[in-house]
*Asks:* 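The structure that follows is given in the form of structure tokens.
Just the heavy atoms: all of them, side chains too, but no hydrogens, waters or symmetry mates, feed the values below.
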Amino acid sequence: MAENNRLGSTVLGYPRIGPDRELKKAVEGYWAGRIDEAELQKVARGLRLDTWRALAKAGLDTVPSNTFSFYDQVLDNTVLFGALPRRFTDLGLSPTDTYFAAARGVQEAPALEMTKWFDTNYHYLVPELGPDTEFGVSGGKPLDEYREARAIGVETRPVLVGPVTYLLLAKAAEGAPGGFTPLDLLPDLVTAYARLLGTLHDEGVRWVQLDEPAFAADRTPGELEALRQAYAALGGLERRPKLLVAGYFGALGDALGVLARSPVDGLAVDLVTEPDAVHAVAAESALRDKEVLAGVVDGRNVWRVDADAALAKAATLLGTAGSVGVSTSCSLLHVPYDTARESDVDERLRGWLAFARQKVEEVVLLGKALAGEPADLSAARAATADRANAGDLRDDRVRARLSALKPEHSRRGDYAERAAAQREALRLPPLPSTTIGSFPQTGDVRKARAALRAGRIDAGTYRAQMHAEIEKVVRLQEDLGLDVLVHGEPERNDMVQYFAEQLSGFAATEFGWVQSYGSRCVRPPILFGDVSRPRPMTVDWASYAQSLTAKPVKGMLTGPVTILAWSFVRDDQPLADTARQVALAIRDEVHDLESAGIRIIQVDEPALRELLPLRASAHAAYFGWAVESFRLATSGIADSTQIHTHMCYSEFGDILPAIDAIDADVTSIEAARSRMEVLDGLGDFERGVGPGVYDIHSPRVPDVDEVTDLLRTAVAAVAPDRVWVNPDCGLKTRTYAEVEPALRNLITAAHRLRPTLP
């Protein structure tokens, strides 16, 4: 451990789902009644103990705890401080079932709203707070986990979401008076934090980490003052552990000086997202009595660290801070566990990668080098040089095609003319109904994909099984009465991975799982080189579905921004250049779908808001290339071909200009959990809008009246002739027992409202 109670080399957090998704399987087993709570807790405890032992054995000076969660760390904070809405606490359920009710909803209590954790693909559950919210310390998760770790000989640093970030992420509860903001509750919340810190101090806890990533974004003077007040109060406590405040996902900006001048003991700074941030930290004289953790190992991407560059950045701070340690830029929650398991990844490429285990090793190695201890950096240097000199990452044909593009390649005709052509071609009723794309993936579907990968069945047998599933889904949709159908996507493991496996320049992993929300895990592909499309990817599936029905079937694609956002992307060229390469590949698929007779093509961009930079000064540049890439992917087709896009679980107000600029004919958006709040600002939007009326991330089935009320809200906010009726998102994670009645209620509600429209 570090000398003199220093933090030394450490990480800000670690993956919690288990190397083989043990937590996902246990949680879903508990929900399904296959295991009891005792077994669920046993699995969770085993994962925690394995993590602490591994981190201590790797040589970290200090180890974080309370980074484990059954669902989400923000929800954990809400439960810890007794701030769950009464609709959950009054259910009379056990603490565990109450927790999951807030996360997923139950029939009588809709779930908390869910949205993206800053600019990542992780989702958090939004606290609902009002003037009557009373904070306390309810339960002892941070203390319990600290004791668990200490019992196996590992001294840990409990981690919590910081009080100001927590309140800035919250929303005012329904019925809260006008003018109220959750930040009004800061004094009461700080009192609750102080009580918890006192308890941890009395237990012998040396350090507590409070995460304040909200200050990597633009903040008002009032919010900065709230930060000052919070840490003046917490830092001034007589009974408390040492306090480390962690800012990540970008530079702290004005918050750096506020925290440097506060009576906290340490500050963790992200020196990866904005590399020039090191200069502001080095110039901050108020850090001379504090320990600074230099976040020089990327916690969000998978490339090996450039050891010399990282070491030089960390060394820059040696003359500024009281002491300097090495850390990750943020929690390792956002990367997979271990590259050593990826035997199917090209050996040379694998040598350029670092997952969580390798990043811990990098932190330890750099920490030794920074302290002047023996540290062999030769392997890291060799990997960096090998990647930099890899000429086969370039495809001259792709680059020549990009160079030949002209502005007209990213433009479609006038929307009014397109809309008229589409009305004539499609002849849809008012409030046309559809789904977002995927249907439930049954065990048989997953077994067929696994059997194909393992060589137990051949491509012909697999194709026949997928055709049978597609026909089942098409017949179900016709029976339900949907107006625009989908093929259900049984062949797709994931909406990004599926395409990445068929595009050049990508590599897929076998065990590279990352938590997206709750028990939902994804395997982000690795985008390492220039991108192109060797052959059509979806045309056969969509064409087969269209051959089964006279109703229009949507072709389903993932957009370039989302493919980038949900992949681990190369960092050796501007993101805009990579986006244009992906856009050209998707453009080829759009044109082939149209040629095959598909007249509606959905190009999903749920990550458009996710990749929005946290600082407003960078928004214009981002919108420029993000909008261009979507338009490049969807242009060059007939006016009568209708382009849809889909966006979900984001704060859409910040991207309304971009939603307009991408020029899709119809945009479907998540809206059910927020009760159509997202429609504010869309009243003047001239194109089609599909606000979701069915929250697919909850097992509850909305009844006809609930859906009807949501649709009434939608047609009051948006011209009725532009409203589509659809769920919030794809149906892949739900069961048919949930989906069929929900869709029947959705369609019944649409039929109920159609005669009432002007």
*Asks:* Does Ser69 use its side chain to pair, donor to acceptor, with the backbone of Tyr71 at less than 3.5 Å?
*Replies:* yes
*Asks:* Quick one: do the Asp97 and Tyr30 side chains pair a donor with an acceptor below 3.5 Å?
*Replies:*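 On atom types as modelled, these side chains qualify, holding a pair under 3.5 Å.
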*Asks:* Examine Tyr193 together with Phe135 and report whether their ring centres are nearer than 6.0 Å.
*Replies:* no
*Asks:* Output yes when Lys141 and Asp144 qualify as a salt bridge under the 4.0 Å nitrogen-oxygen rule, no when they do not.
*Replies:* no
*Asks:* When the ring planes of Phe118 and Phe249 are compared, do they come out parallel, tilted or perpendicular, using 30° and 60° as the limits?
*Replies:* tilted
*Asks:* Which heavy atom of Ala226 sits nearest to which heavy atom of Val164, and what is that distance?
*Replies:* O-CG2, 4.0 Å
*Asks:* Check step by step if salt bridge (Lys or Arg N to Asp or Glu O under 4.0 Å) holds for Arg520 and Asp494.
*Replies:* CA-CA 11 Å; Arg520 169 69 170 156; Asp494 173 82; 3.5 Å; yes
*Asks:* What do the steps show when you test Leu7 against Arg157 for side chain to side chain contact (heavy atoms under 4.5 Å, CB included), and what is the final call?
*Replies:* CA-CA 9 Å; Leu7 291 163; Arg157 177 184 77 251; 3.7 Å; yes
*Asks:* Can you tell me if Tyr248 uses its side chain to pair, donor with acceptor, with the backbone of Ser331 under 3.5 Å?
*Replies:* no
*Asks:* Does any N or O in the side chain of His123 come within less than 3.5 Å of the main-chain N or O of Ser516, such that one atom is a donor and the other an acceptor?
*Replies:*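 Judged by distance alone, yes, a pair lies under 3.5 Å.
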*Asks:* Measure from the side-chain N and O atoms of Thr562 to the backbone N and O of Ala607, and report whether any donor-acceptor pair falls under 3.5 Å.
*Replies:*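 Confirmed, Thr562 side chain pairs with Ala607 backbone.
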*Asks:* Can you spot which of Asp270, Asn121, Asp119 makes a side chain to side chain donor-acceptor pair (under 3.5 Å) with Arg300?
*Replies:* Asp119
*Asks:* Mind running side chain to side chain contact (heavy atoms under 4.5 Å, CB included) on Trp566 and Val514 for me, showing each step along the way?
*Replies:* CA-CA 10 Å; Trp566 296 354; Val514 175; over 6 Å; no
*Asks:* Is any side-chain heavy atom of Tyr122 closer than 4.5 Å to a side-chain heavy atom of Asp72?
*Replies:* yes
*Asks:* Would Lys116 and Arg609 count as a side chain to side chain contact (heavy atoms under 4.5 Å, CB included) here? Give the steps.
*Replies:* CA-CA 9 Å; Lys116 295 295 179 74; Arg609 170 63 180 82; over 6 Å; no
*Asks:* What heavy-atom pair brings Arg615 and Ala251 nearest, and what distance separates the two atoms?
*Replies:*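 Closest approach of Arg615 to Ala251, heavy atoms only: NH2-O, 2.8 Å.
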*Asks:* I'd like to check Leu23 versus Phe68 (side-chain heavy atoms, cut-off strictly below 4.5 Å). Are they in contact?
*Replies:* yes
*Asks:* Do Glu145 and Trp52 meet the criterion of a side-chain donor-acceptor pair at a distance under 3.5 Å?
*Replies:*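 Side-chain D/A pair, Glu145 to Trp52: absent.
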*Asks:* Using modelled atom types only, decide if a donor and an acceptor are shared between the side chain of Ser438 and the backbone of Leu731 within a distance under 3.5 Å.
*Replies:*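 Pair found, side chain donor or acceptor close to backbone of Leu731.
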*Asks:* Between the side chains of Glu291 and Lys242, is the shortest nitrogen-to-carboxylate-oxygen separation below 4.0 Å, so that they form an ion pair?
*Replies:*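 Not counted as a salt bridge, because no side-chain N and carboxylate O are separated by less than 4.0 Å.
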*Asks:* So do the side chains of Leu183 and Glu223 get within less than 4.5 Å of each other, counting heavy atoms only?
*Replies:*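 Side-chain contact under 4.5 Å: yes.
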*Asks:* The test is side chain to side chain contact (heavy atoms under 4.5 Å, CB included); show your working for Val27 and Leu40 and say whether it passes.
*Replies:* CA-CA 7 Å; Val27 165; Leu40 175 66; 3.9 Å; yes
*Asks:* Which distance, rounded to the nearest 0.5 Å, do you find between the OG1 of Thr165 and the CZ of Phe215?
*Replies:* 6.0 Å
*Asks:* Does Arg734 come within less than 4.0 Å of Asp695, counting only side-chain N to carboxylate O?
*Replies:* no
*Asks:* Could you tell me whether the side chain of Arg48 reaches within less than 4.5 Å of the side chain of Ser65, counting heavy atoms only?
*Replies:* no
*Asks:* Do the side chain of Tyr231 and the main chain of Leu243 share a donor and acceptor less than 3.5 angstrom apart?
*Replies:* no
*Asks:* For the pair Arg104 (side chain) and Phe100 (backbone), establish whether a donor and an acceptor sit closer than 3.5 Å, ignoring hydrogens and angles.
*Replies:* no
*Asks:* Using a strict 4.0 Å threshold on nitrogen-to-oxygen distance, state whether Glu225 and Arg228 make a salt bridge.
*Replies:* yes
*Asks:* Tell me, do Leu333 and Trp117 make a side-chain contact under 4.5 Å, heavy atoms counted?
*Replies:* no
*Asks:* Charged N to carboxylate O under 4.0 angstrom, Arg240 versus Asp265?
*Replies:*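 Between Asp265 and Arg240 there is a salt bridge, with a charged N closer than 4.0 Å to a carboxylate O.
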*Asks:* Lys359 side chain to Gly299 main-chain N or O, any donor-acceptor pair under 3.5 Å?
*Replies:*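 Side chain of Lys359 to backbone of Gly299, a donor-acceptor pair under 3.5 Å: no, none is there.
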*Asks:* Are Leu91 and Thr98 side-chain neighbours, meaning at least one heavy-atom pair lies under 4.5 Å?
*Replies:*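 A side-chain contact is absent here, since even the closest heavy-atom pair is not under 4.5 Å.
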*Asks:* Taking Asn745 for the side chain and Ala742 for the main chain, is one N or O donor matched with an acceptor at less than 3.5 Å?
*Replies:* no
*Asks:* So, do Tyr694 and Val701 sit near enough that their side-chain heavy atoms are less than 4.5 Å apart?
*Replies:* no
*Asks:* Determine, for Glu212 against Arg219, whether the closest basic-nitrogen to carboxylate-oxygen distance falls under 4.0 angstrom.
*Replies:* no
*Asks:* His619 versus Leu612: any side-chain heavy-atom pair under 4.5 Å?
*Replies:* yes
*Asks:* Give a yes or no answer on whether the side chain of Asp36 reaches the backbone of Ala38 with a donor-acceptor pair at less than 3.5 Å.
*Replies:*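 Such a contact is found between Asp36 side chain and Ala38 backbone.
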*Asks:* Return the OG1 to CG distance between Thr133 and Leu167, rounded to the nearest 0.5 Å.
*Replies:* 10.0 Å
*Asks:* Going by an N to O cut-off under 4.0 Å, is there a salt bridge joining Glu128 and Arg87?
*Replies:* yes
